[in-house]
Asks: 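Could you have a look at this structure, given as structure tokens, before my questions?
These numbers were taken from a predicted model, which means no experiment stands behind them. Each chain gets a letter, A, B and so on, in the order the sequences are listed, and its residues count up from 1.
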Amino acid sequence: MTVDSTRGVPRRRVLAGGAAAAGTAALAGCGLQAKAEGGPMQFWNFYAPQRSDDPALAAQSKWFTDLVAKWNASHKTKIELLYLPPPIYQTGSKLPTAFAAGSGPDIFLASPGDFLRYYNGGILMDLTPHMDKAAVKDYYKDALASRMVDGKVYALPMEVEPLAMYYDVSAWEKAKLSEGDIPTTWDQLLDVGAKLKSPTRAGIVTETKPGYLQNFLWYPWMWQGGGDVLDEKGRPSVDTKAVRQALQLWQDAVRLGITPRVPPAANDLIAAFRGGNAAMWQSGIWQVSSFRAFAPKFEYGLFKLPTPPGGTYKTALGGWSFCANAKGRHPEAAAEFCAWALGTMEEECLDRMVDWCVKAKSDIAPRKSVLERATRAGGYDQWAMKYFKDEVFPGGRAEPRYPPVIYKAMSDALQGAMLAGRSVDSETSRAAQSVEAYVKSYKGAKLV
Amino acid sequence: MSDLAAPERTASAAPAARPKEPPQPRLSRKHREWLAAALFLLPDCIGLLVFVGIPMVLSVVLSFFQVSGFGSYEWVGLGNYERMLGDPLFWDSMKITGIYVLVLVPVLFVVSLGLGLLVKQNLPGVSIFRTIFFLPYVISLVVVGLLWKFMLDEQIGVVNKAFRSVGLEGESWLGDPDIALYSIIAVFIWVMMGYYMIIFLAGLQEIPREYYEAARIDGAGPWTQFRTITWPLLRPTSFFVLLMSTVAAITGGFELVFVLTEGGPANSTSLAIFYIYQQAFVFGEYGYSAAMGTALVLAMVLVSGVIFKITKGGRFDDGD
């Protein structure tokens, strides 16, 4: 049928066209459009593309854009990077909302804390078929274990980030402390913190805001006494002496005025050190590149987290992973990309990971061959990187993949003990009850 | 015969011409006005339906499902509401919201009214002060949050520096569970007072000047003038401010909590609106979150009804 332009479009046809357009718009609004075939894959991340005066951020952005350019040059299904600022990506609602609306990205970055939520929701693609078997074995067991289910890999770590204690050397000297005073026990840590604190300087800074980061920073203190949230078989094990003493340590640090209730200098470690507002700060290896970029001449020191009486040294190993969306537009291509980027034994793949871990950022490489290669290339020659690799990392344990309910139970205990001054015993018992109730009804992949 | 009959036939075939009437419109004037009104209202109605009506209905529907956030929906009936009733953190968040509203609304009301009365005076530079007081309202709440985060910093924040300069000890404004909520209330008042000041100013300017002149002639002092003229005649404005500030308090604290404390320390600033957000977007409990959202809306309707009842809807005639 043709339309006589001199007579105009028939009314019914206009209505039908309008309804179709409205329907399309509505579907697009509901996010269902993302399921349509065609178009490049979306890679949501918090690194690139961005323009920044910070050389570290610029290098990280370039690493991502180079990676995607390389893929696009040799593959039919292209990738488009979408940058989301870290606060929006890491704690905001954009990513969960997108997945809920059926328009999640094809490729995205996830931390261990999000793993089970995405896995149990059917979001994560199995990356194993696209990986070299040798590459799977090449990953450090701890780095990959929390991203695996039934022997299959569902997320590929790009980095490993252990925690340690940073300190301001000049603050120590002014307080007449030297390297010999570096604490190795919790009591010594509090003693040194008390000596270093002043009305405008915090003795020890750690995260006080509720969130995954706070739990992550606290776990090693719990592990050092032999405690855990869930045991090796996934059974609740919160109500123990080790958990209580770790909560007590953080409560004491605040109660004695050694740890401020809110981190100074808007939680900026370097600004706080330079401004004389912090003497010690628990943080991760990622700060080394920040010092390199912003304060190359600032004299700082590092030491391993001290241990409780009879305890064993532990630190937590964090880090983000590449994931492919099983409900995206191109799940196979997205999985192939993740494996191509980080999961092969190709020279190019290994070099790329070296660049990320020691040039763009300051991290421990998550794979043995990459760590060796980076070491040979001088990536760990600098004293802080060497210390992290040789002293801090070997005592590490992967960040757990506890789902939100378990995270919240522990977070509430931590907040209650540390900042509300509530009884450590009651907070521990309450957390234990919550975790036990949750584990009883939990359905999904193994929690540990 | 034919010659005589012919003119008659001609006359009957062509009826006499009627007087010309204006063409009759297809719709009456009343109906045309209705149509025009409907056309003007249509865009807003569509917007309201698409962005408010349908989401509200869908939210209520969602509250009867267990939703994973990844496409799985399981009918649970009133399960989410049962869970809500037994969730101590939800009740804590409602209690915190109650305190927040009960402290914030009266203080905001008094401060805004005071400022309105102040800037109504013909004082030198008053227009500059009006602008200064109103300025915080035009700043994004997220920016306000970041700004105050620096100012309320324990160690280097300007607030504690001011305290220390007069020999007082500083406080942990955002880190102490006993104080943090009130810090957020203070920041929210700082943001909103300019807006409500303008509303009060408009209300005050509506009151005829002659009433005050007559009162002064009768010997009434400023307090008597306020009590007998200003306060009663401000009733519609007061009702509006009370209602709007209550709704703003219940729903508008989210950004500040998100930026300043993220519900901490120890859940002391976890307002209901923040807890609902957290359940949905941090924990992926969309159905449960929708149930709590529905309960919060019902609570808001209830509170609005109470305010309406107490203030008689701002009417002068007491409803008689």
Side-chain angles (χ1 to χ4, degrees), chain A residues 26 29 87 91-97 99-102 104 114 117-118 120-123 198-202 208-212 214 254 259-267 271-272 275-278 326-327 403-405 407-408 411-422 427 430, chain B residues 46 50-51 54 58 62 67-73 88-89 92 142 146-147 149-157 160-161 164 169-180 183 258-270 274-275 277-286 289:
Chain A
T91 54
S93 58
K94 189 164 173 71
L95 201 62
T97 312
F99 281 122
D114 290 326
R117 196 171 144 204
Y118 289 134
N120 291 338
I123 287 290
S198 76
T200 54
R201 186 172 60 213
T208 53
K209 207 160 64 170
Y212 276 93
Q214 190 188 29
V254 170
T259 294
R261 290 170 169 274
V262 177
N267 218 350
N277 301 120
K327 295 181 178 176
V405 175
Y407 140 74
K408 178 70 174 161
S411 172
D412 285 347
L414 197 46
Q415 287 277 311
M418 186 185 193
L419 299 168
R422 292 185 199 131
E427 291 302 299
R430 202 165 54 161
Chain B
I46 292 173
V50 171
F51 296 110
I54 294 173
L58 287 179
L62 203 63
V67 188
S68 73
F70 303 112
S72 101
Y73 293 81
L89 287 176
D92 281 351
V142 174
L146 292 170
L147 190 73
K149 202 171 180 177
F150 281 100
M151 289 166 64
L152 294 172
D153 189 281
E154 269 178 70
Q155 291 171 308
I156 53 170
N160 271 356
K161 278 189 177 171
R164 289 191 194 110
E169 271 196 32
E171 291 287 349
S172 180
W173 302 104
L174 300 172
D176 187 334
D178 295 331
I179 300 175
S183 301
F258 187 81
V259 176
L260 290 171
T261 59
E262 289 194 22
N267 290 329
S268 64
T269 60
S270 182
F274 182 80
Y275 187 61
Y277 157 83
Q278 204 177 34
Q279 285 296 325
F281 300 115
V282 180
F283 303 159
E285 297 274 3
Y286 293 91
S289 178

Asks: Over all heavy atoms of both residues, which pair between B:F283 and A:P404 is shortest? Give the atoms and the distance, please.
Replies: CD2-CB, 3.2 Å
Asks: Just how far is it from atom CG of B:D176 to atom CG of A:L419, taken to the nearest 0.5 Å?
Replies: 9.0 Å
Asks: When you measure from the side chain of A:K327 to the backbone N and O of B:F70, does any donor-acceptor pair fall under 3.5 Å?
Replies: yes
Asks: Please determine, among A:P210, A:P199, A:G211, A:P403, the option with the most heavy-atom pairs under 4.5 Å with chain B.
Replies: A:P210
Asks: For the NZ atom of A:K209 and the OG1 atom of B:T261, what is their distance to the nearest 0.5 Å?
Replies: 8.5 Å
Asks: Sort out for me which of A:G122, A:P263, A:P87, A:A202 touches chain B most, counting heavy-atom pairs under 4.5 Å.
Replies: A:A202
Asks: Main chain of A:P260, side chain of B:E154: is a donor-acceptor contact present, judged purely on distance under 3.5 Å?
Replies: no
Asks: Would you give the length of the straight line joining atom CG of A:N267 to atom NZ of B:K149, rounded to the nearest 0.5 angstrom?
Replies: 7.0 Å
Asks: Identify which of B:G157, B:S72, B:S172, B:G263 forms the greatest number of heavy-atom pairs closer than 4.5 Å to chain A.
Replies: B:S172
Asks: For the residue pair A:V262 and B:L174, what are the closest heavy atoms and their distance?
Replies: CG2-C, 3.9 Å
Asks: I'd like to know which of A:M418, A:K408, A:R422 tops the heavy-atom pair count under 4.5 Å against chain B.
Replies: A:K408
Asks: Quick check: closest heavy atoms across B:Q155 and A:P264, and the distance to 0.1 Å?
Replies: OE1-CB, 2.7 Å
Asks: Report which part of B:E169 has an atom under 4.5 Å of a heavy atom belonging to chain A: side chain, backbone, both, or neither.
Replies: neither
Asks: Is there a side-chain contact between A:T200 and B:I156 (heavy atoms, below 4.5 Å)?
Replies: no
Asks: Write down the atom of A:A420, the atom of B:P177, and the distance for their closest heavy-atom approach.
Replies: CA-CG, 3.8 Å
Asks: Please classify the contact of A:T97 with chain B as side chain, backbone, both or neither, using a heavy-atom distance under 4.5 Å.
Replies: both
Asks: Under 4.5 Å, counting heavy-atom pairs only, tell me which of B:G170, B:A280, B:P265 racks up the most with chain A.
Replies: B:P265
Asks: Which region of B:L89, side chain (C-beta onward) or backbone (N, CA, C, O), has a non-hydrogen atom less than 4.5 Å from a non-hydrogen atom of chain A, or is it both or neither?
Replies: side chain
